[in-house]
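Because only heavy atoms are used, hydrogens play no part in the values below, and waters and symmetry mates are left out as well, while side chains stay in. Keep in mind that this is a model prediction, so the values were computed, not measured. Below, read A as the first sequence line, B as the second, and so on, with proteins coming before strands; counting in each chain starts at 1.
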Amino acid sequence: MSFSIKRTKPISPQTSTLLHLLLPRSSLSSSALSQSNPNLYHHYSSILQSLTTLKPPSSSSIKQLHARLLLSGFGSDTHLGTKLINLYSTTHNLHYALQLFDKIPKRNLFVWNILIRAYAWHGPYQTAIDLYNGLIDYGLVPDNFTFPFVLKACSALSALETGRAVHDMAIRTRWVSDVFVGAGLIDMYAKCGCVDDARIVFDGVSGRDVVVWNSMIGAYSQNGRPLEALVLFREMVGDGFRPTVATLVTVVSAVADSSNLKRGREIHGFSWRRGFGGNDNVKTSLVDMYAKSGWVKAARDVFEKLAEKKIVSWNAMICGLAMHGHADEALDLFDEMKEEGRVIPDHITFVGVLSACSNGGLLEEGRKLFDLLVSSYSIEPTVQHYTCMIDLLGHSGELEEAYELIQRMPMRPDAGVWGALLNACKIHRNVELGEVALEKLIELEPNDAGNYVLLSNIYAQVGKWEGAAKVRKLMTERGLKKDIACSWIEVKNKVYAFLVGDQSHPCSEEIYRELDRLEGLMEEAGYVVDTVPVFHDVDDDEKKNMVRVHSERLAIAFGIISTPPGTKLLVTKNLRVCEDCHGAIKFMSKIVEREIIIRDVNRYHHFKDV
DNA sequence: ATAGGGTTAG
């Protein structure tokens with residue numbers, strides 16, 4: 001019997017030399033092979049060892065070795081089998097790995113671990129969890145390697161219940177305070193949205209290292225708690241830990257969400273002082289931060305200084321332009337990206353350009369892009385792409401077409417889709433479709449007050465007060481309250497917040513006096529109060545009063561009286577800017593000759609009619 | 001023999 005190696009695929013010269021050295025001809029042609037041959041066993045073991053050091057190990061060599069091991073009667077040997085499984089799992093041959101695994105009678109923890117690792121990295125993630133449970137049923141106890149692997153699978157699936165069970169096991173096995181296990185648990189809880197559980201784990205980790213800090217800062221940042229992320233970052237630096245690129249990227253993204261340019265510039269400065277100024281990853285997060293802080297030009301400057309523009313960088317810049325309503329620039333940049341040809345647009349790029357079209361009212365451009373996404377880039381449109389299209393069609397007044405698209409889309413429309421339609425119905429005062437959209441929204445998000453408010457406003461716009469009252473009653477019955485409007489503005493390195501009708505500010509009197517003064521000038525310039533957006537069915541005078549104390553107006557008035565003439569104002573609001581304020585701020589901007597930017601829940605509104 | 005963290009949209 002001959003054992004010469006059959007070449008199915010050419011193997012790398014490196015591997016071929018290696019096999020030649022380790023397998024002298026004599027052993028290759030030997031005809032009496034069995035487990036009783038310790039030399040051969042040793043040979044196989046060494047070859048396996050050497051293959052492990054190759055990066056990447058040759059797939060075909062592994063299969064050949066496997067075949068020879070079986071022929072030599074070593075098929076069920078734990079030691080050799082383990083090594084082979086390890087090789088198979090690092091070369092993504094999970095099928096063979098699992099086959100071998102089933103044949104090994106004595107399975108040690110190491111084999112379970114590397115299999116769980118393979119499935120946690122490449123999926124199917126549920127298999128990793130099944131294997132973890134299998135390991136326990138088999139009578140083994142998970143160790144400090146098992147936990148990070150299985151937790152990665154839990155994170156990928158947002159499998160909170162399984163994650164909690166794993167956490168419980170980590171406590172019982174006393175691995176819970178280990179840095180690796182802790183980081184895995186923190187990340188799992190973060191991905192499941194349970195930041196406070198993550199914090200409990202964080203507080204219990206002994207000998208925290210930089211990764212554990214990063215994980216916890218990221219947990220806050222990814223779950224919309226930027227201030228806590230920053231507090232923890234300061235604590236980390238105060239404790240003498242040296243931040244890494246991952247720390248900076250996470251913290252900059254947290255600052256981006258906190259909408260505070262001063263903090264953003266501070267962290268930018270910090271990154272320079274600590275030697276991260278030239279790092280492309282940090283720069284990309286800065287592009288996003290500057291865009292979200294309302295300073296598109298600074299974002300663009302950082303973007304142009306990137307050594308290499310990767311897809312994330314392009315996306316951050318394109319989306320940054322889109323959210324500020326610079327539709328043409330966003331599309332130009334998209335063209336530039338295609339021309340440069342180094343990166344391929346992905347699904348996020350298309351969310352960016354489609355939303356740019358939506359903000360810019362570029363219906364035909366948007367239609368073309370939607371076609372392009374499927375035809376030229378073979379991207380499977382996601383529910384977000386459909387949402388963008390429905391938003392675009394809706395804004396452009398094509399409500400019927402938008403509704404048809406919802407009925408045609410291949411996946412189940414989510415709240416975002418119906419929300420886009422409802423919003424379009426509000427803009428174009430379409431009660432019938434608005435009712436359809438709200439009905440669906442109530443099914444999907446029964447406790448979101450904003451949806452009810454929107455429909456109520458549509459009724460109010462067309463004078464259907466009984467409809468508005470019906471929706472309001474429904475809200476009261478369900479115990480829902482409209483979120484209180486709040487706007488904030490940063491003046492001289494301090495953030496000031498204003499609620500609707502707020503009189504608590506020390507300068508309140510001056511603020512209202514300034515509003516009065518502006519209103520007089522606005523009316524002279526042709527401004528007429530549009531009372532329609534007011535929620536309640538009250539008389540006109542009262543409506544007028546409610547509109548004029550909207551939180552963004554208070555913030556703007558405060559900004560005007562407390563900054564030098566000509567200073568640009570950036571106001572952030574927790575809800576959407578109402579139509580009347582939109583019109584009023586145009587006049588204000590003109591009268592005081594200032595650029596005013598409002599960041600609301602959806603996008604940025606620029607008023608620059610100086 | 002095996003290990004944990006990061007940026008874009010929504």
* Across the strands shown, which category fits A:F149 at heavy-atom distances under 4.0 angstrom: base, sugar-phosphate, nothing? -> base
* Asked: To the nearest Å, how far apart are A:I186 CD1 and B:dG4 P?
  -> 14 Å
* Asked: Looking at B:dG4, does its base get a donor-acceptor pair with the side chain of A:D209 below 3.5 Å?
  -> yes
* Can you check the A:N602 CG to B:dA9 C1' distance for me, whole Å? -> 13 Å
* Indicate whether any N or O donor in one side chain lies under 3.5 Å from an N or O acceptor in the other, for A:Y189 and A:H167. => yes
* To do: Might you confirm whether atom NZ of A:K338 has over 12 heavy atoms from other residues, nucleotides or ligands at distances under 6.0 Å?
  => yes
* **For atom CG of A:D288 and atom C1' of B:dG10, their distance in whole Å** => 13 Å
* To do: For this output row, return yes or no: ring centroids of A:F202 and A:W213 closer than 6.0 angstrom.
  => yes
* **Euclidean distance, atom CG of residue A:D143 to atom P of B:dG4 [Å, nearest integer]** => 13 Å
* Give one of base, sugar-phosphate or nothing for A:V383, where a contact means two heavy atoms less than 4.0 Å apart. => nothing
* Hey, are A:H347 and A:H385 close enough side-chain-wise for a donor-acceptor pair under 3.5 Å? -> no
* For A:F180 and B:dG4, do the ring centres fall under 5.5 Å apart while the planes stay under 30° apart? -> no
* To do: Write down the distance between CZ (A:R107) and P (B:dA1), rounded to a whole number of angstrom.
  => 23 Å
* Asked: Does A:K191 make a side-chain N or O approach to OP1 or OP2 of B:dG6 shorter than 4.0 Å?
  -> yes
* To do: Select base, sugar-phosphate, or nothing to describe what A:V212 touches, counting heavy atoms under 4.0 Å on all strands.
  => base
